[in-house]
Amino acid sequence: MRELVQSRKFQWLLAALIFAVALLAVSFSRITLPLWVGLPLSLAVIAAVGRRIFWKGIKSLFRLRFSDINLLLTIAAAGALYLRQFEEAVIIVVLFTIGEHLEDFGVQRSQKALKELIEKNPKSASVKGVSHKIPVEEVLKGQIMRILPGETIPLDGKVLAGSSIVDESAITGEPVPKSKFAGDVLYGGTLNGNGYLEAEVLKEVRETTMAKIVELTVQAAQKKSASQRFIEKFSKVYTPLVMAAAILVVAVPVGILRLPFGQWFTQALTLLIIACPCALVISTPVAVFSALGNATKNGVLIKGGKALEALGRLKMVAFDKTKTLTEGDLEVSDIIPFGPFQEEDVLACAAGLERFSEHPIAQSLLRKAQETSLPVHTFKDFESLPGKGVRGQCMVCPDREHVLGSLQFIRERNGMASDKEVLEAVRRLEGQGKTVVLMSQDSRLKGIIAVNDKVREEAPRVLKSIRDMKVQTMMLTGDSAPSARFVAESVGIQNLKAGLLPHQKTEEIKRTQDRVGPVAMVGDGINDAPALAAADVGISLGSAGSDVAIENADIALMRDDLGMLPGLIRLGRKSLRIIRFNILAAILIKFAVLFLAVVGQSNLLLAVFADVGVTIFVILNALRLFAFRPKD
Ligand code: ADP
Ligand code: MG
């Protein structure tokens with residue numbers, strides 16, 4: 001509030017308001033100011049604070065844009081002056097301008113978190129090989145930046161030398177600093193602790209994670225929510241209608257019933273002022289901005305009012321399994337060779353095949369091969385089939401064609417792997433919650449590989465909170481049913497759909513939307529992009545540093561932490577409640593005053609105070625979202 005009162009413009013407005021109130025006192029004491037005093041004084045004040053309204057109003061008049069609120073005000077203020085109601089003319093303009101100023105203030109206040117993010121970013125960087133600091137815009141990818149203790153890291157980079165502790169709360173909202181060693185990734189805009197670091201620049205200034213967050217948040221402001229579109233449509237029809245009604249309020253009594261003009265003209269003006277959908281128009285944007293600002297502060301990027309409102313209406317949260325409900329650090333636990341093959345043959349080929357795959361299974365196999373320092377076989381004609389597996393031609397083995405993937409995939413490719421012995425081994429491993437893949441060489445089965453993953457520690461608690469909010473939970477996975485069931489049971493998920501190909505996940509989401517309503521999909525945002533896009537809200541986990549994940553999702557959680565979800569749903573619900581309440585309050589008060597005007601019990605002043613009063617109320621109500629702290 002202090003910043004508001006200190007602003008120059010606001011002080012002017014306050015002075016104008018005091019002047020208007022003085023005028024009002026004069027008029028109540030039944031002293032009529034002579035025209036040559038009242039008119040110039042009022043005109044001066046109106047011109048000082050409300051010029052902009054009139055310019056816009058007159059422009060709209062010439063363009064015949066009758067839904068413009070400025071035109072309404074211009075007509076109303078001019079009418080009041082014509083009636084020699086100087087104090088009313090001044091108050092209309094001053095109060096409306098204060099309302100507008102408050103709206104700006106609300107938006108600014110909620111965008112402040114964002115501005116702070118940008119301002120924290122250093123303007124220059126110290127680069128190896130250059131004696132002085134250079135502007136960050138001139139730093140190129142691949143250059144080596146030096147970061148001193150206590151400095152803010154200028155750009156995204158990868159640590160080459162040194163170690164330190166970095167406070168990443170500016171991006172992730174996570175208050176606990178992270179230790180960084182060679183190989184770790186740094187984000188521009190985060191704060192280096194007590195160590196000296198040298199890091200290779202990974203991204204130029206316009207492409208850093210921070211720049212991406214800021215850019216997307218600004219774009220988000222332009223994406224309109226369902227409530228906003230409703231309000232716009234409503235105003236477009238409503239305002240011209242009231243203008244027509246105002247004309248009728250003068251025309252019928254004066255023209256047909258021969259009643260006095262002055263009184264009915266005042267009634268018509270009253271009607272016009274009430275019609276201004278001012279409170280209604282700003283009820284939603286300030287709420288959306290406040291909620292978005294709140295989220296940004298906590299390391300959550302919400303891309304607009306649409307995602308926010310959908311979050312408030314959620315009926316189902318669908319989760320991907322690997323890396324979402326589980327940690328995704330897969331570990332190879334069993335390798336069972338078949339026929340003449342040895343464990344090493346299986347691993348050498350599997351690792352070779354997976355060299356070009358991004359799947360977590362691929363990473364685990366490559367790591368295993370590295371640990372055992374096994375020479376990995378070279379492959380060509382590599383092909384990846386999402387949700388199924390990989391295939392390729394081995395340049396080392398005598399039979400070249402190799403396929404690696406799910407049991408189903410191997411069966412459909414080669415029509416094999418139906419021996420009792422094989423099936424039993426697969427079933428036994430899956431019963432332990434492991435993911436099992438099989439590998440074939442030509443038409444022979446070469447081996448079985450099982451990988452193990454840990455369920456996220458926070459998952460059971462988070463899923464319980466979500467269920468307690470009467471939101472259902474579901475797991476969508478490409479993995480086989482037995483191992484998926486193991487995970488589902490250990491985290492307490494209600495519905496399970498296993499063995500799905502990527503497009504089937506999308507279909508499943510669409511079916512669920514038809515059945516229960518709005519659905520959120522939570523995934524890593526990289527290999528779940530279609531499912532994230534199909535859901536009402538696509539949420540990506542651990543998105544800091546991954547442009548793909550940040551871009552694919554409607555909501556990106558910078559931190560790799562499921563624990564943010566329940567609070568996020570609460571923020572969405574609270575926002576929706578505040579938005580609905582604001583819209584309702586604005587419309588109801590409007591109709592109440594309108595009713596008073598129709599029965600002749602209202603005057604301009606009451607109308608203005610009602611409108612501005614609701615506007616201020618609605619803004620303050622929306623600003624509460626900025627400070628909202630969801631309890632778990
Ligand atoms: P999830 O739903 O757990 O993300 P995916 O749709 O990524 O699962 O994959 C489903 C199944 O397809 C895996 O469990 C695995 O059997 C097989 N698969 C997919 N990609 C690969 C790969 N690169 N290597 C081996 N198996 C794979
Ligand atoms: Mg996946």
Side-chain angles (χ1 to χ4, degrees), residues 107-108 110-130 132-148 151-160 166-174 178 180 183-192 197-223 289 292-293 295-304 307 524-526 529 532-533 538 540-560:
V107 171
Q108 277 166 17
S110 41
Q111 281 186 323
K112 224 177 104 191
L114 208 62
K115 286 220 182 92
E116 278 171 3
L117 274 185
I118 306 170
E119 278 159 15
K120 267 191 210 149
N121 266 19
K123 305 277 176 286
S124 57
S126 151
V127 171
K128 222 172 176 175
V130 185
H132 53 91
K133 280 196 164 192
I134 58 172
V136 283
E137 289 79 16
E138 288 169 20
V139 181
L140 300 175
K141 224 188 281 187
Q143 281 187 311
I144 294 163
M145 52 182 176
R146 296 193 174 114
I147 306 146
L148 298 180
E151 269 186 347
T152 303
I153 296 166
L155 296 161
D156 290 12
K158 191 164 150 194
V159 180
L160 296 178
V166 175
D167 172 2
E168 295 191 328
S169 60
I171 282 195
T172 62
E174 166 74 66
K178 266 199 168 148
K180 299 280 177 179
D184 288 342
V185 174
L186 303 172
Y187 302 117
T190 59
L191 187 66
N192 183 24
L197 292 169
E198 283 185 7
E200 180 191 341
V201 175
L202 290 180
K203 285 172 184 170
E204 280 158 34
V205 69
R206 257 184 315 221
E207 283 145 22
T208 60
T209 303
M210 186 77 90
K212 203 118 235 164
I213 293 175
V214 172
E215 183 195 319
L216 289 169
T217 312
V218 171
Q219 282 173 13
Q222 287 146 18
K223 277 192 209 158
F289 272 119
L292 262 48
T296 310
K297 231 174 19 186
N298 290 300
V300 178
L301 176 60
I302 302 181
K303 296 203 225 147
D524 59 20
I526 296 166
L532 289 192
S540 71
L541 210 58
S543 319
S546 162
D547 293 351
V548 196
I550 292 180
E551 270 164 22
N552 282 340
D554 301 309
I555 297 183
L557 308 183
M558 296 301 147
R559 234 182 300 167
D560 198 17

- Message: Any salt bridge linking Lys180 with Glu168? Criterion: basic side-chain nitrogen under 4.0 Å from a carboxylate oxygen.
- Response: yes
- Query: Could you give the distance from CD1 (Ile147) to CG (Leu191), rounded to the nearest 0.5 Å?
  - Reply: 11.0 Å
- Message: Could you tell me if the side chain of Leu148 sits less than 4.5 Å from the side chain of Asn192, heavy atoms only?
- Response: no
- Is the closest side-chain heavy-atom distance between Val159 and Leu186 below 4.5 Å? yes
- Distance from Lys212 atom NZ to Leu301 atom CG, nearest 0.5 Å? 11.5 Å
- Minimum side-chain heavy-atom gap His132-Val130 below 4.5 Å: yes
- If every non-hydrogen atom of Ile171 is compared with every non-hydrogen atom of Tyr187, which pair is closest and at what distance? CD1-CB, 3.6 Å
- Message: Rounded to the nearest 0.5 Å, what separates atom CD in Gln143 from atom NZ in Lys128?
- Response: 12.5 Å
- Message: Are the side chains of Val139 and Ile134 in contact, using a 4.5 Å heavy-atom criterion?
- Response: yes
- Gap between atom OG1 of Thr208 and atom CG of Leu155 - 0.5 Å precision: 7.0 Å
- Tightest non-hydrogen contact, residues Val136 and Pro154, listed as CG1-CB, 3.9 Å
- About how many Å separate OG1 of Thr152 and NZ of Lys123, when rounded to the nearest 0.5 Å? 10.0 Å
- Item | Asn298 side-chain N/O to Val300 backbone N/O, donor-acceptor pair under 3.5 Å | no
- Message: Are Ile153 and Met145 packed together at the side-chain level, in the sense that at least one heavy-atom pair is separated by less than 4.5 angstrom?
- Response: yes
- On a heavy-atom basis, the closest approach of Leu532 and Ser540 is CD1-CB, 4.3 Å
- Message: I want to check something: taking the side chain as every heavy atom from C-beta on, are Leu541 and Asp524 in contact at a cut-off of under 4.5 Å?
- Response: no
- Query: Going from CD on Glu137 to OG on Ser124, what distance comes out if it is rounded to the nearest 0.5 angstrom?
  - Reply: 9.5 Å
- Item | Test item: Glu204 side-chain N/O and Lys141 main-chain N/O as donor-acceptor pair under 3.5 Å | yes
